[in-house]
Colleague: 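My questions all concern the structure below.
All chains are named by letter (A, B, ...) in the order of the sequence lines, taking the proteins before the strands, and each is independently numbered beginning at 1. Scope of the values below: all heavy atoms of this structure, side chains included, with no hydrogens, waters or symmetry mates.
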Amino acid sequence: MQKFFRPMSMQLSEQEQIRRQALAELKKLGIDPYPQAEYKVNVTAKEILENFPKDNTLYQDVSFAGRIMSRRIMGAASFAELKDHTGRIQIYLKRDDICPGEDKTMYNTVFKRLLDIGDFIGVKGYVFITKMGEITIHATEFTVLSKSLRPLPIVKEKDGKVYDAFTDPDQRFRQRYVDLIVNDHVKDTFIKRAQIIRSMREFLYKKGYLEVETPVLQPIPGGAAARPFVTHHNALDMPLYLRIADELYLKRLIVGGYEGVFEFAKDFRNEGMDRFHNPEFTQMEIYVAYKDYFWMMELTEKMVEKIALDVHGTTKVQIGDNVIDFKTPFRRITILDAIKEYTGIDVSGMDEKELRETCKKLGVETDEYMGKGKLIDAIFGEKCEPNFIQPTFIMDYPVEMSPLCKRHRQNPDLTERFELMVNGKELANAYTELNDPIDQLERFKEQVRLAEKGDDEAMWIDMDFVRALEYGMPPTSGMGIGIDRLTMFMTNQPSIQEVIFFPQMRPEKKQKVITPEDFVALGVPEHWAEHIMAAGFTTPAQLKEAKPTAVQQKLNGFRKKNKLDIPAVQVEEIEKWQEGIE
RNA sequence: GAUUCGUUAGCUCAGCAGGUAGAGCAUCUGCCUUUUAAGCAGAGGGUCCGGAGUUCGAGCCUCCGACGAAUCACCA
């Protein structure tokens with residue numbers, strides 16, 4: 001346990017020490033730096049900045065709270081910037097307003113010396129406009145609401161140009177709270193994310209669909225091809241998996257008689273991480289009875305169009321160098337036609353061997369495990385996918401790739417599946433759902449055969465799901481849409497880490513400085529501890545992992561080489577040291 | 001996983017072709033009652049990511065390691 005909670009650096013920086021002293025001095029003055037009482041606020045920064053220019057009789061008795069973001073002190077008067085959840089506003093303090101009597105402590109000591117950038121204060125006063133034309137709260141009193149003990153990165157701005165921006169991705173993601181404090185545009189991105197989700201919910205509520213919750217812990221991880229995270233339930237003494245999708249549960253609910261269900265689902269996939277993948281991510285999946293994938297295309301494009309309009313007020317959205325127009329209807333093309341369009345080759349009707357040759361000719365890499373479906377997908381992925389910048393539905397995927405999808409009504413080698421491509425990336429995936437229980441079981445079995453061949457992402461057989469289908473599922477269409485990717489598109493962010501508050505990171509390792517004393521504490525005698533690092537064991541862990549005999553050889557060799565006047569070490573001693581190491 | 005780049009003060013970054021570690025902001029002290037990247041004068045602040053090596057001497061060179069980023073691969 002200990003190793004996950006290494007103490008932060010024990011050494012406080014000068015600035016941190018000064019802030020702790022200020023904290024103590026505040027207490028000495030009888031000021032509680034962390035008061036309990038509610039601080040009643042009657043206005044936001046945004047309201048003032050919007051309304052005061054229209055009517056300067058407003059806001060003559062405001063109570064406002066926020067974080068100090070900058071200070072400009074000029075002797076007996078000061079300006080500071082306070083930030084609340086709506087934005088920043090300047091405040092103005094005058095010594096003789098704050099301290100009308102003889103005692104000037106509140107201004108001279110508390111405000112000027114003991115408060116810092118990062119502290120929360122509340123102010124009461126009235127709004128006016130300075131000579132320089134800035135809307136400002138003239139504070140006649142202030143209250144300390146919370147003292148900050150760590151200095152924030154100082155980001156300055158003039159004429160829209162940002163100086164000393166806080167941009168280091170490592171620090172921004174590990175300490176997202178700091179990122180949110182100093183980078184206003186980051187806050188905006190996540191507000192837009194919330195708008196997108198809200199807009200989607202509204203759209204689906206309006207159609208009368210039911211928002212549901214299904215298990216995150218699943219005994220069989222189904223509904224997608226991906227490696228799951230495994231955990232263990234103690235009471236039941238059985239493995240459980242974090243869901244990779246919620247598809248099979250939502251379809252059970254369709255069997256149960258609901259005609260439209262959807263879920264915003266956190267899904268988990270134990271796979272690589274990059275600009276487009278985080279181990280946990282959010283998908284919205286929806287299933288509607290009596291519909292097919294054509295109907296679902298319309299729902300999807302209408303929904304995405306509405307989101308663009310709600311977030312941007314227009315269907316045109318800048319994504320990287322491209323302007324994407326989410327105006328309906330979106331283009332539709334089958335995967336085979338797409339391949340024809342971009343390679344000039346008609347792969348329909350080709351067998352596996354011909355497809356393999358085609359891949360070779362096109363320079364598409366393959367391996368021997370790939371079946372027809374994967375080969376076609378490889379060609380598409382390499383030669384076509386990046387070209388679909390404007391929203392496009394790619395339709396009718398090969399049957400091998402889609403074990404939960406109904407066969408195409410005209411061609412049993414294909415399925416009624418579409419993916420929505422935007423900016424060369426997959427955004428949504430949908431089927432006319434397979435509701436034939438016998439075919440479903442066959443397809444599951446085919447997946448098992450793939451698994452036996454070595455495909456570690458093939459699906460598992462979920463017999464309970466098959467049983468549900470055996471009771472009868474109405475014809476249904478279902479769709480899943482990636483919320484993180486959608487947010488990336490709608491906010492023009494280049495990486496998934498920019499749209500997930502706390503993206504997965506390697507654990508932060510504070511490098512601990514190891515000294516001979518650390519070895520002494522583990523039972524290594526002093527005369528060895530002072531040489532053990534030089535002899536090649538720079539950490540206790542290294543010492544533990546090494547073979548006792550190897551350690552003995554190394555240490556005694558070192559002793560001889562350096563002519564140390566200490567007794568040679570015995571293997572039993574070394575074994576004892578190793579026992580002492582965690 | 002591969003390659004490349006990066007890690008120096010609280011923050012953003014310099015640092016010569018190895019020779020006592022620099023700037024701006026922040027901090028501290030003083031001045032300043034409408035400033036706004038406030039200003040002026042002064043001061044303090046560093047395990048140069050960790051370790052080993054080469055060298056009289058390493059922030060800089062070599063090797064090993066940690067973490068991050070970009071590109072590619074893998075994966076969907």
Colleague: Describe the nucleic acid contact of A/Asp96 in one word from base, sugar-phosphate, nothing, applying a heavy-atom distance below 4.0 Å.
Modeller: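 Counting heavy atoms under 4.0 Å across all strands, the contact made by A/Asp96 includes a base.
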Colleague: Atom NE2 of A/His277 to atom P of B/rC72: distance rounded to whole Å?
Modeller: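 Distance, rounded to whole Å: 14 Å.
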Colleague: Atom pairs, N/O to N/O, protein against nucleotides 20-22 of chain B, distance under 3.5 Å?
Modeller:
none

Colleague: Give a yes-or-no answer on whether the side chains of A/Glu16 and A/Ser13 include a donor-acceptor pair shorter than 3.5 Å.
Modeller: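 A donor-acceptor contact under 3.5 Å links the two side chains.
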Colleague: Which part of the nucleic acid, if any, lies within reach of A/Gln21 when heavy atoms closer than 4.0 Å are counted: base, sugar-phosphate only, or nothing?
Modeller: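 Nothing, no nucleic acid heavy atom in range.
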Colleague: So which nucleotide from B/rC75, B/rU36, B/rG10 ends up closest to the side chain of A/Met132?
Modeller: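 Shortest atom-to-atom distance from the side chain points to B/rU36.
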Colleague: Please verify the inter-ring angle class for A/Phe388 with A/Phe380; under 30° counts as parallel, over 60° as perpendicular, anything in between as tilted.
Modeller: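 Parallel, since the angle between the ring planes stays under 30°.
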Colleague: Rounded to whole angstrom, note down the P distance from B/rA38 over to B/rG22.
Modeller: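 27 Å, rounded to whole Å.
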Colleague: Report the C-alpha separation of A/Arg95 and A/Asn108 in whole Å, then their side-chain angles, then the decisive distance to 0.1 Å, and conclude whether the side chain to side chain donor-acceptor pair (under 3.5 Å) test is met.
Modeller: CA-CA 7 Å; A/Arg95 183 186 61 207; A/Asn108 284 344; 4.7 Å; no
Colleague: Considering only side-chain heavy atoms of A/Arg506, which listed nucleotide, B/rG68, B/rU34, B/rC25, is closest?
Modeller: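 Closest of the options to the side chain of A/Arg506: B/rG68.
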Colleague: Between A/Met505 and A/Ala226, which residue's closest nucleotide on RNA chain B lies nearer the 5′ terminus?
Modeller: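 Result of the comparison: A/Met505.
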Colleague: Base, sugar-phosphate, or nothing: which does A/Asp170 touch, judged by heavy atoms less than 4.0 Å apart?
Modeller: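 A/Asp170: backbone/sugar contact only, no base atoms under 4.0 Å.
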Colleague: With side chains defined as the heavy atoms from C-beta onward, is the minimum distance between A/Asp119 and A/Asp116 less than 4.5 Å?
Modeller: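 Yes; the side chains approach each other to less than 4.5 Å.
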Colleague: Which nucleotide, B/rU36, B/rA38, B/rC67, lies nearest any side-chain atom of A/Met74?
Modeller: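 So the side chain of A/Met74 is nearest to B/rA38.
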Colleague: The side chain of A/Pro153 lies closest to which of these nucleotides: B/rC11, B/rU27, B/rC25?
Modeller: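 Nearest nucleotide to the side chain: B/rC11.
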Colleague: Can you tell me how far apart CD1 (A/Ile481) and OG1 (A/Thr300) are? Round to the nearest 0.5 Å.
Modeller: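 One gets 6.5 Å once the value is rounded to the nearest 0.5 Å.
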Colleague: Quick check for you: among B/rG68, B/rU35, B/rU27, whose closest atom lies nearest to any side-chain atom of A/Arg174?
Modeller: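 Among the listed nucleotides, the one closest to the side chain of A/Arg174 is B/rG68.
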Colleague: Verify the contact: side-chain N or O of A/Lys156 to OP1 or OP2 of B/rA26, cut-off strictly under 4.0 Å; return yes or no.
Modeller: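 A/Lys156 to B/rA26 OP1/OP2: side-chain N or O found under 4.0 Å.
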Colleague: Once you round to the nearest 0.5 Å, how far does CZ of A/Arg485 lie from CD of A/Gln283?
Modeller: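 Atom-to-atom, A/Arg485:CZ and A/Gln283:CD are 9.5 Å apart.
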Colleague: Report which part of the nucleic acid A/Leu152 touches: base, sugar-phosphate, or nothing (heavy-atom distance under 4.0 Å, all strands).
Modeller: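 Result for A/Leu152 = nothing.
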Colleague: Once you round it to whole Å, what is the distance between C1' of B/rA26 and CD1 of A/Ile18?
Modeller: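 Rounding to the nearest Å, CD1 of A/Ile18 and C1' of B/rA26 are 11 Å apart.
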Colleague: If you check every side-chain atom of A/Arg72, which of B/rU35, B/rU33, B/rA26 has the closest atom?
Modeller: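 Of the options given, the side chain of A/Arg72 lies nearest B/rU35.
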Colleague: Apply salt bridge (charged side-chain N to carboxylate O under 4.0 Å, His left out) to residues A/Lys28 and A/Glu25 and explain how you reach the verdict.
Modeller: CA-CA 5 Å; A/Lys28 224 184 276 172; A/Glu25 276 189 62; over 6 Å; no
Colleague: Ring of A/Phe111, cation from A/Arg71 - is the NZ or CZ under 6.0 Å from the centre and inside 45° of the axis?
Modeller: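 Judged by the rule (NZ or CZ under 6.0 Å from the ring centre, within 45° of its axis), A/Arg71 counts as positioned above A/Phe111.
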Colleague: Tell me, what's RNA chain B's dot-bracket, Watson-Crick or G-U with both distances under 3.5 Å, | for other-strand, [ ] crossing?
Modeller: (((((((..((((.....[..)))).(((((.......))))).....(((((..]....))))))))))))....
Colleague: Need one value for A/Arg113: base, sugar-phosphate or nothing, where a base atom within 4.0 Å counts as base even if backbone is also close, heavy atoms only.
Modeller: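 Result for A/Arg113 = sugar-phosphate.
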Colleague: How many angstroms lie between atom CE of A/Met488 and atom CD1 of A/Ile483, to the nearest 0.5 angstrom?
Modeller: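 The CE atom of A/Met488 sits 13.5 Å away from the CD1 atom of A/Ile483.
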Colleague: Once you apply a heavy-atom cut-off of 4.0 Å, does A/Ala225 come out as touching a base, just sugar-phosphate, or nothing?
Modeller: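 Here A/Ala225 touches the backbone only, sparing every base.
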Colleague: Rounding to a whole Å, what distance do you find between A/Asn108:CG and B/rG30:C1'?
Modeller: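 Taking CG of A/Asn108 and C1' of B/rG30, I get 13 Å after rounding.
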Colleague: Give me the distance, rounded to whole Å, that separates B/rU7 from B/rC60 when you measure between the P atoms they each carry.
Modeller: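 These two P atoms come out 12 Å apart once rounded.
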Colleague: Using the P atom as the point on both nucleotides, what is the distance between B/rU54 and B/rU62, in whole Å?
Modeller: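 Comparing P positions in B/rU62 and B/rU54 gives a spacing of 15 Å.
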Colleague: Could you give the distance separating B/rA26 and B/rC13 at their C1' atoms, to the nearest angstrom?
Modeller: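 Pairwise C1' distance, B/rC13 against B/rA26, rounds to 14 Å.
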Colleague: Got A/Arg176 and A/Pro503 here, is their nearest side-chain heavy-atom distance under 4.5 Å?
Modeller: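 They are in side-chain contact.
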Colleague: Could you work out the separation of B/rC48 and B/rU35 based on their C1' atoms and round it to a whole Å?
Modeller: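 To the nearest whole Å, 38 Å.
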Colleague: Look at the side chain of A/Asp164 and decide which nucleotide, out of B/rU36, B/rU12, B/rU34, has an atom nearest to it.
Modeller: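 So the side chain of A/Asp164 is nearest to B/rU12.
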Colleague: Give A/Ala224 one of three labels, base, sugar-phosphate or nothing, depending on what nucleic acid heavy atoms sit under 4.0 Å from its own.
Modeller: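 Nothing: the residue A/Ala224, judged by heavy atoms under 4.0 Å, touches no strand.
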Colleague: To the nearest angstrom, how far is A/Tyr163 atom OH from B/rC11 atom C1'?
Modeller: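 To the nearest whole Å, that distance equals 17 Å.
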Colleague: Rounding to the closest angstrom, what is the interatomic distance between B/rA23 and B/rG45 at atom C1'?
Modeller: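 Nearest-Å result for B/rA23 against B/rG45 at atom C1': 14 Å.
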Colleague: Quick one: label A/Glu14 by what it contacts on the DNA or RNA (base, sugar-phosphate, nothing), any heavy atom closer than 4.0 Å.
Modeller: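 Here A/Glu14 touches the bases of the nucleic acid.
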Colleague: Look at A/Gln17 and B/rU27 and indicate whether a side-chain polar atom (N or O) is within less than 4.0 Å of OP1 or OP2.
Modeller: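 So the side-chain polar atoms of A/Gln17 never come under 4.0 Å of the phosphate oxygens OP1 or OP2 of B/rU27.
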Colleague: Mark yes or no for a side-chain to base donor-acceptor pair under 3.5 Å between A/Glu134 and B/rU36, with no hydrogen or angle criteria applied.
Modeller: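 Check passes, donor-acceptor contact within cut-off.
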Colleague: CD1/A/Ile91 to CD1/A/Ile121 distance, rounded to the nearest 0.5 angstrom?
Modeller: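 Separation between the atoms: 4.0 Å.
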Colleague: Between B/rU34, B/rU27, B/rG10, which one does the side chain of A/Arg71 approach most closely?
Modeller: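 Per side-chain heavy atoms of A/Arg71, the pick is B/rU27.
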Colleague: Which is true for A/Ala76 with a 4.0 Å heavy-atom rule: it touches a base, it touches only sugar-phosphate, or it touches nothing?
Modeller: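 Result for A/Ala76 = base.
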Colleague: Going by modelled atom types, is there a donor-acceptor pair between the base of B/rA37 and the side chain of A/Glu157 at under 3.5 Å?
Modeller: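 For A/Glu157, whose side chain was compared with the base of B/rA37, there is no donor-acceptor pair (under 3.5 Å).
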Colleague: Starting at CD of A/Gln15 and ending at C1' of B/rC25, how long is that distance when rounded to a whole Å?
Modeller: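 Answer to the nearest Å: 10 Å.
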Colleague: Is the ring pair A/Tyr92/A/Phe79 parallel, tilted or perpendicular, if the boundaries are 30 and 60 degrees?
Modeller: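 The arrangement is tilted - the two ring planes meet at 30° to 60°.
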Colleague: Can you check the distance between B/rA2 and B/rG65, where both ends of the measurement are the P atom (answer in whole Å)?
Modeller: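 That atom pair is separated by 10 Å.
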Colleague: For the side chain of A/Asp274, counting heavy atoms from C-beta on, which of B/rU12, B/rU35, B/rC74 is nearest?
Modeller: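 Looking only at side-chain atoms, A/Asp274 lies closest to B/rC74.
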Colleague: Looking at side-chain heavy atoms only, is the closest gap between A/Met505 and A/Gln497 below 4.5 Å?
Modeller: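 A/Met505 reaches A/Gln497 side chain to side chain.
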Colleague: Which whole-number value in Å describes the distance from A/Gln171 CD to B/rC49 P?
Modeller: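 One finds 14 Å between P of B/rC49 and CD of A/Gln171, rounded.
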Colleague: Under 4.0 Å between any heavy atoms, over every strand shown, what does A/Phe276 touch: base, sugar-phosphate, or nothing? Just pick one.
Modeller: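 It contacts nothing in the nucleic acid.
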Colleague: Under 4.0 angstrom, heavy atoms only, what part of the nucleic acid is A/Arg269 near: base, sugar-phosphate, or nothing?
Modeller: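 Sugar-phosphate contact only.
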Colleague: Can you tell me how far C1' in B/rG50 sits from the matching atom in B/rC67, rounded to whole Å?
Modeller: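 Going atom to atom, C1' in each nucleotide, I get 11 Å.
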Colleague: Of the listed nucleotides (B/rC28, B/rC75, B/rA69), which one gets closest to any side-chain atom of A/Phe173?
Modeller: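 Ranking B/rC28, B/rC75, B/rA69 by closest atom to the A/Phe173 side chain puts B/rA69 first.
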Colleague: Just wondering, do A/Ile181 and A/Met69 contact through their side chains at under 4.5 Å, heavy atoms?
Modeller: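 Answer yes - side chains close enough.
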Colleague: Tell me which of A/Lys158 and A/Phe166 sits closer to the 5' end of RNA chain B, going by the nucleotide each one is nearest to.
Modeller: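 Checking each residue's closest nucleotide, the 5'-ward one belongs to A/Phe166.
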Colleague: Kindly say whether, by distance alone, the side chain of A/Glu81 makes a donor-acceptor pair under 3.5 Å with the base of B/rU36?
Modeller: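 By the distance-only test, no, there is no pair.
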